[in-house]
Amino acid sequence: MSSFQAALDERIVELRQRLAAARDAQDQHEEEALLGHLETLIDIAGRSDVDTTEMEAVLAVETGAIPIIPAPDDHDR
């Protein structure tokens with residue numbers, strides 16, 4: 001794992017902790033901002049050729065979204 005990917009993983013762990021705290025405090029504004037940060041990290045990772053599969057799964061869990069499983073031929077795009 002590259003140091004870049006390790007730093008992304010650390011940042012995601014931190015964001016998830018902050019999301020949990022925001023939800024406990026019922027701070028919807030903070031929650032939305034943190035989800036936006038998570039989406040930005042995924043975008044940066046994708047543009048940097050980092051596999052974002054796990055990150056996208058984390059985002060789906062955090063947003064309550066139903067994940068869309070790509071067809072095997074879509075994965076290589």
Side-chain angles (χ1 to χ4, degrees):
M1 175 185 306
S2 72
S3 60
F4 177 69
Q5 188 169 356
L8 284 172
D9 290 343
E10 284 180 30
R11 183 73 175 126
I12 289 171
V13 168
E14 176 192 343
L15 283 172
R16 292 187 84 184
Q17 292 169 344
R18 291 176 59 196
L19 270 166
R23 288 179 177 141
D24 286 345
Q26 297 180 351
D27 186 343
Q28 188 174 8
H29 177 72
E30 178 71 2
E31 181 181 346
E32 290 175 9
L34 292 169
L35 287 171
H37 290 308
L38 184 55
E39 289 173 343
T40 299
L41 282 178
I42 293 169
D43 183 54
I44 291 168
R47 286 186 279 128
S48 301
D49 293 326
V50 171
D51 181 10
T52 61
T53 305
E54 288 183 36
M55 293 177 206
E56 290 171 3
V58 166
L59 181 61
V61 167
E62 294 296 347
T63 60
I66 299 173
I68 298 172
I69 301 170
D73 60 340
D74 289 345
H75 182 64
D76 293 274
R77 291 182 189 179

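Since we're looking at a predicted model, the values are computed, not measured.
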Working to the nearest 0.5 Å, report the span between [atom1] of [X] and [atom2] of [Y].
{"X": "E62", "Y": "L15", "atom1": "CD", "atom2": "CG", "answer": "9.5 Å"}
{"X": "M55", "Y": "I12", "atom1": "CE", "atom2": "CD1", "answer": "4.5 Å"}
{"X": "T63", "Y": "L35", "atom1": "OG1", "atom2": "CG", "answer": "7.0 Å"}
{"X": "L59", "Y": "E54", "atom1": "CG", "atom2": "CD", "answer": "14.0 Å"}
{"X": "L34", "Y": "E39", "atom1": "CG", "atom2": "CD", "answer": "11.5 Å"}
{"X": "R23", "Y": "Q28", "atom1": "CZ", "atom2": "CD", "answer": "10.5 Å"}

**OP:** Please lay out, stage by stage, how F4 and I44 fare under the test side-chain contact (heavy atoms from CB on, under 4.5 Å).
**Re:** CA-CA 11 Å; F4 177 69; I44 291 168; 4.0 Å; yes
Subject >> CD/E14: more than 12 non-hydrogen atoms of other groups inside 6.0 Å >> reply: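 Yes, because the 6.0 Å sphere around CD of E14 holds more than 12 heavy atoms from other groups.
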Original post:
What's the shortest heavy-atom distance between L8 and A45, and which atoms?
Top reply: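 So the two residues come closest at CD1-CB, 3.6 Å.
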Original post:
Between I42 and T52, which heavy-atom pair has the shortest distance, and what is it?
Top reply: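 Distance-wise, the nearest heavy atoms are O-CG2, 3.6 Å.
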**OP:** Report yes if the side chains of E10 and Q5 come closer than 4.5 Å at any heavy-atom pair, otherwise no.
**Re:**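 No, too far: nothing below the 4.5 Å cut-off.
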**OP:** Could you tell me whether R18 and E31 make a salt bridge, using a distance below 4.0 angstrom between a side-chain N and a carboxylate O?
**Re:**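 Result for this pair is no, no salt bridge flagged.
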**OP:** Run the numbers on L38 and R16 for side-chain contact (heavy atoms from CB on, under 4.5 Å), then give the verdict.
**Re:** CA-CA 9 Å; L38 184 55; R16 292 187 84 184; 5.5 Å; no
